[in-house]
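Comments concern the structure below.
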Protein chains: 2
Amino acid sequence: MFIRLPAVQRLSFTTLSVLHTLAGQGPKRLTELASSEQVTQSAITQMVTKLERDGLVERRPDPSDRRAVLVDVTAAGTAIVHGRRADRRAHLAELTGELTPAERATIAAALPALARMSEVNRRLAGEPDVPDRRR
Amino acid sequence: MFIRLPAVQRLSFTTLSVLHTLAGQGPKRLTELASSEQVTQSAITQMVTKLERDGLVERRPDPSDRRAVLVDVTAAGTAIVHGRRADRRAHLAELTGELTPAERATIAAALPALARMSEVNRRLAGEPDVPDRRR
DNA sequence: GAGGAGTGTATAAGAATCTTAATTAAGTTG
DNA sequence: CAACTTAATTAAGATTCTTATACACTCCTC
């Protein structure tokens with residue numbers, strides 16, 4: 001029933017979500033990641049340690065707080081995220097290719113409203129307004 | 001980045017997905033569940049044992065093959081699925097309530113095309129055409 | 001219709017990933 | 001500056017997955 005998104009290249013669901021978050025929103029503290037990913041801060045510490053060992057993210061000191069750590073995605077990590085986005089785009093293109101132009105037009109017309117719904121959702125969930133750095 | 005759907009009432013992602021599948025498509029064999037959930041057959045056997053112990057599903061012999069087991073959702077399991085659907089509907093209603101009638105109309109107009117895309121996706125993935133028993 | 005290959009399920013053992021709890025260090029506040 | 005709070009780490013244990021194996025049944029072929 002559910003669609004199991006990730007598990008690419010032996011990376012777990014949460015791990016891939018962290019990479020996407022970092023690639024889309026820039027460096028984050030471990031505590032920020034823990035709250036956005038809905039796992040404990042301990043789990044994030046352990047995951048980041050593995051990701052760092054694999055060269056997909058790096059830890060940097062936070063200049064504004066010497067207790068804190070900023071996690072950022074590396075070029076290798078970014079490449080994985082971009083590859084996954086390309087795969088998804090290709091897959092969606094394959095599906096929309098089977099639709100009629102009229103059907104595609106109805107979907108395109110709904111996108112602004114869907115984007116607004118997503119914004120409303122983030123606002124109601126009390127999530128901070130983070131711009132998406134995606135290119 | 002990803003949206004972590006389940007984890008309601010201590011039930012895992014895969015567990016809830018199985019309940020939804022059974023509630024939507026009726027009794028299934030363990031092997032069928034394993035392939036639709038994208039986990040090993042062993043994992044499904046273990047999960048169903050726990051779900052059965054919790055009274056959410058039941059095992060029945062498959063009259064057409066004495067090796068096989070048919071798993072069906074119980075009334076208690078169905079109640080969980082229905083409760084989750086109600087929660088989701090309420091949440092979506094809250095979001096669409098923030099849209100203008102015109103925005104809602106564009107989304108409604110896109111639904112047939114989106115349903116078709118989903119069908120195309122199942123077909124390309126080689127999934128059997130299973131009617132949804134959802135009421 | 002007997003033997004062998006294939007299929008469906010179960011179980012055991014181990015790996016991966018999560019949680020809770022305790023620890024250390026740094027910031028905050030009266 | 002003492003007490004409290006916050007950020008991260010580490011250790012220990014729980015959960016849920018995988019791989020490997022076993023066993024029963026089905027199906028096919030000669």
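Reminder, nothing fancy here: chain letters follow the sequence lines and each chain counts from 1.
Residue A/S42 is classed as a base contact, given a heavy-atom separation below 4.0 Å to a base.
Considering only the side chain of A/A43, C/dT19 comes nearest among C/dA26, D/dT18, C/dT19. Nearest to the side chain of A/R67, among C/dA21, C/dA26, D/dA8, sits C/dA26. Comparing C/dA12, C/dT19, D/dC25 against the side chain of B/R66 picks out D/dC25 as the nearest. In the set C/dA21, D/dT18, D/dA8, D/dA8 carries the atom at the smallest distance from any side-chain atom of A/A68. With C/dA10, D/dA8, D/dC17 as the choices, the nucleotide that has an atom nearest any side-chain atom of B/S12 turns out to be D/dC17. Residue A/L30 places its side chain closer to D/dA8 than to any other of C/dA10, D/dA8, D/dT18. Of all nucleotides listed (C/dT19, D/dT18, C/dA10), D/dT18 comes nearest to the side chain of B/V39.
Looking only at atom types and distance, the side chain of B/S42 has a donor-acceptor partner in the side chain of B/Q46 under 3.5 Å away. With no hydrogens or angles considered, a side-chain donor-acceptor pair links B/R84 and B/H20 at under 3.5 Å. Side-chain contact check for B/E37 and B/S17: at least one donor-acceptor pair (N or O, by modelled atom type) lies under 3.5 Å.
When rounded to the nearest whole Å, the span between CG of B/D62 and C1' of D/dA24 equals 15 Å. Atom C1' of nucleotide D/dT15 and atom CZ of B/R53 are separated by 12 Å, given to the nearest angstrom. The distance from atom CD of A/E37 to atom P of C/dC18 is 10 Å, rounded to the nearest whole Å. One interatomic measurement links the two molecules: CZ of B/F13 to P of C/dT17, which rounds to 16 Å at whole-angstrom precision. Across the protein-nucleic acid pair, B/L11 atom CG and D/dA14 atom C1' stand 16 Å apart, rounded to whole Å. Distance A/R10 CZ to C/dT17 P: 10 Å, rounded to the nearest Å. The separation between A/L16 atom CG and C/dT17 atom C1' is 14 Å, rounded to whole Å. The distance between atom CG of A/D54 and atom P of C/dT17, rounded to the nearest whole Å, is 10 Å.
Donor-acceptor pairing under 3.5 Å, judged by distance alone, is absent between the side chain of B/T45 and the base of C/dT11. Contact of B/Q41 with D/dT18 (side chain to base): no donor-acceptor pair of N or O atoms is detected under 3.5 Å.
Across the interface with DNA chain D, nearest-nucleotide mapping of B/T15 and A/D65 shows A/D65 to be the residue nearer the 5′ end. In terms of position along DNA chain C, the nucleotide closest to B/R29 lies nearer the 5' end than the nucleotide closest to the other residue of the pair B/R29 and B/Q46.
In this structure, the side chains of B/K28 and B/L70 stay at 4.5 Å or more apart for every pair of heavy atoms.
A close approach under 4.0 Å does not occur between any side-chain nitrogen or oxygen of A/T14 and OP1 or OP2 of C/dT17. In this structure, A/K50 does not reach the C/dA16 phosphate: none of its side-chain N or O atoms is under 4.0 Å from OP1 or OP2. The shortest distance between the side-chain N/O atoms of B/T40 and the OP1/OP2 oxygens of D/dT18 is below 4.0 Å.
By the 4.0 Å N-to-carboxylate-O rule, A/E98 lies close enough to B/R123 to be salt-bridged with it.
Taking both residues in full, the closest heavy atoms of A/H91 and B/N121 are given as NE2-OD1, 3.0 Å, listed atom of the first, atom of the second, then distance.
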